[in-house]
Amino acid sequence: MWVETLCQWYRENQRDLPWRHDRAPYHIWLSEIMLQQTQVATTIDYYQKFIEAFPTIQSLAEATEDDVLRLWQGLGYYTRARNLKRCADVVWQQHGGVFPDQYHDLLKLPGIGPYTAGAIASIAFDRRVPAVDGNVLRVYARLYALSDDIADPKTAKRFREKLTPLVPEESGVFNQALMELGAMVCTPQNPKCNQCPVSGCCKAYTDGMETAFPVKTKKIKQKHLTIGMGIIWHEDKLLCFKQVEGRLLHGLWSLPFVPDLVEENALRTQLAEDFQLVLSEGRSTGRVRHVFTHLIWDVHIFCFEAKDANLIDFPEVRWCSTDELEALALSTVIKKVLAKGINLLL
DNA sequence: AAATCGGGGGC
DNA sequence: GCCCCAGATTT
């Protein structure tokens, strides 16, 4: 069997990562949320900053959502940050600040799905449950040369059921070993089978078919969208607003923009109406291309000046100095626009 | 079952 | 350019 061989390989070869220094449920949880769809190298700095700012779940429960988003800015998938805050509140108020130690109880918490519940239950609490992420889907499909489509959610469920009886007593080591192997050796392209501790047990490898697995079908085609965005000055401040719920990047601060309106005249008219301002003729200050998961924005930037500072009676619209802007949670696309439009490096 | 939701890194 | 990443949630 490959299970113990793999665990031993992990004990000897695991990377030294900040969240592996102890098994505190708070640390494991925070790292697992950050690692969702995010590479280890990207996560490390954010994890360190969070632990410094919020050393305990109490400190996180006592923070505001804005505080959390501010620290999360640039990491993406901002719903994770909002659910992180909600989860901390639930654990603090309803569980006395103590994380549940059972898979099914963890699964009920905001932002914790089947993978993360399995990861926390096994790594922090030694529960013998699997944790099937993208790495494990790939590794397991290769080990047994399975043609299941790993893009289909039913496959993850099926793999969890097949893995459950294999999970050893040291479940946390086992689950992390599978993921570590997927990240370091059994990679999506060019797997390093010659370095793999369990290649002898791998059906895909022994069949000479390691490149045939895993099978993955769907690919999403991104939609292109042109955006007219205004950098609207009044004296030394510029107009920004907090994106409302139900919109992309909600909860983060944005510059005013209009989809499908990239002509100066039309954009100025629409922005003036949206924010009830009188605007000077705009000056084109460049374009920014930004790729989201399912969208590609082609942002045309224009600088305007507002004749007066009256703001519409709407919450979360402000005039901000560049210093004040720096204190807000901004998405990466807005930072790129500010860098290009006013040479402001945040 | 399909769509939504960021940003960065590797090739 | 494409693919993937220690996925969850909503429709």
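Just so we're on the same page: letters track the sequence lines, and every chain starts at 1. Quick caveat: nothing in here was measured; it's all calculated off a predicted structure. Side chains included, hydrogens not; waters and symmetry mates left out as well; all remaining heavy atoms used.
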Exercise. Can you name the nearest heavy-atom pair linking Leu249(A) to Gln243(A), along with the distance?
Worked result: O-CB, 3.5 Å
Exercise. Do you know which two heavy atoms are closest between Pro256(A) and Ile232(A), and how far apart they sit?
Worked result: CG-CD1, 3.8 Å
Exercise. Do Trp297(A) and Phe257(A) make the cut of ring centroids closer than 6.0 angstrom?
Worked result: yes
For this session: Compute the ring centroids of Phe304(A) and Trp233(A), then answer whether they are less than 6.0 Å apart.
Result: no
Counting any heavy atom closer than 4.0 Å, what does [X] reach on the DNA or RNA strands: base, sugar-phosphate only, or nothing?
| X | result |
| --- | --- |
| Val136(A) | nothing |
| Leu295(A) | nothing |
| Arg138(A) | sugar-phosphate |
| Pro110(A) | sugar-phosphate |
| Ser31(A) | nothing |
| Lys154(A) | sugar-phosphate |
| Arg15(A) | base |

Among the candidates [options], find the nucleotide nearest to the side-chain atoms of [X].
| X | options | answer |
| --- | --- | --- |
| Asp133(A) | dA1(B), dG7(C), dC4(C) | dG7(C) |
| Arg20(A) | dG6(B), dC4(C), dA6(C) | dA6(C) |
| Tyr115(A) | dG7(C), dT9(C), dC5(B) | dG7(C) |

Send over the distance from [X] [atom1] to [N] [atom2], rounded to a whole Å.
| X | N | atom1 | atom2 | result |
| --- | --- | --- | --- | --- |
| Asn175(A) | dA6(C) | CG | C1' | 10 Å |
| Phe159(A) | dG7(C) | CZ | P | 15 Å |
| Tyr10(A) | dA6(C) | OH | P | 13 Å |
| Ile120(A) | dG7(C) | CD1 | P | 13 Å |
| Lys221(A) | dG1(C) | NZ | P | 16 Å |
| Asp152(A) | dG7(C) | CG | C1' | 15 Å |
| Arg80(A) | dC5(C) | CZ | P | 14 Å |
| His294(A) | dT9(C) | NE2 | P | 18 Å |

For this session: Return the 5'-most residue of the pair Gln176(A), Ile112(A) with respect to DNA chain C, ranking by each residue's nearest nucleotide.
Result: Gln176(A)
For this session: Assign each of Ile296(A) and Leu17(A) to its nearest nucleotide of DNA chain C by heavy atoms, then name whichever residue's nucleotide is nearer the 5' end.
Result: Ile296(A)
Taking atom [atom1] in both [N] and [M], compute the distance separating them and give it to the nearest angstrom.
| N | M | atom1 | answer |
| --- | --- | --- | --- |
| dG8(B) | dT9(C) | P | 24 Å |
| dA3(B) | dA6(C) | C1' | 23 Å |
| dA8(C) | dG9(B) | C1' | 23 Å |

For this session: State whether Asp89(A) and Lys85(A) are salt-bridged, where the test is any N-O pair (Lys NZ or Arg NE/NH1/NH2 against Asp/Glu carboxylate O) under 4.0 Å.
Result: yes
Problem set entry | Counter-base of dG6(B), judged by Watson-Crick or G-U geometry with both distances under 3.5 Å | none
Problem set entry | Spacing of CG belonging to Leu17(A) relative to CD1 belonging to Ile44(A), to within rounding of 0.5 Å | 5.5 Å
Exercise. Side chain of Asp148(A), backbone of Ile150(A): donor and acceptor closer than 3.5 Å?
Worked result: no
Exercise. Judged by atom type as modelled, is there a donor-acceptor pair below 3.5 Å linking the side chain of Asp152(A) to the main-chain atoms of Lys154(A)?
Worked result: yes
For this session: Measure the acute angle between the ring planes of Phe292(A) and His290(A), then classify it against the limits of 30° and 60° as parallel, tilted or perpendicular.
Result: perpendicular
All N/O pairs under 3.5 Å across the protein-nucleotides 7-11 of chain B interface:
{"residue": "dG7(B)", "atom": "OP1", "partner": "Tyr78(A)", "partner atom": "OH", "Å": "2.8"}
{"residue": "dG7(B)", "atom": "OP1", "partner": "Thr332(A)", "partner atom": "N", "Å": "2.9"}
{"residue": "dG7(B)", "atom": "OP1", "partner": "Thr332(A)", "partner atom": "OG1", "Å": "3.3"}
{"residue": "dG7(B)", "atom": "OP2", "partner": "His290(A)", "partner atom": "NE2", "Å": "2.7"}
{"residue": "dG7(B)", "atom": "O5'", "partner": "Thr332(A)", "partner atom": "OG1", "Å": "3.4"}
{"residue": "dG9(B)", "atom": "O4'", "partner": "Gln39(A)", "partner atom": "NE2", "Å": "3.4"}

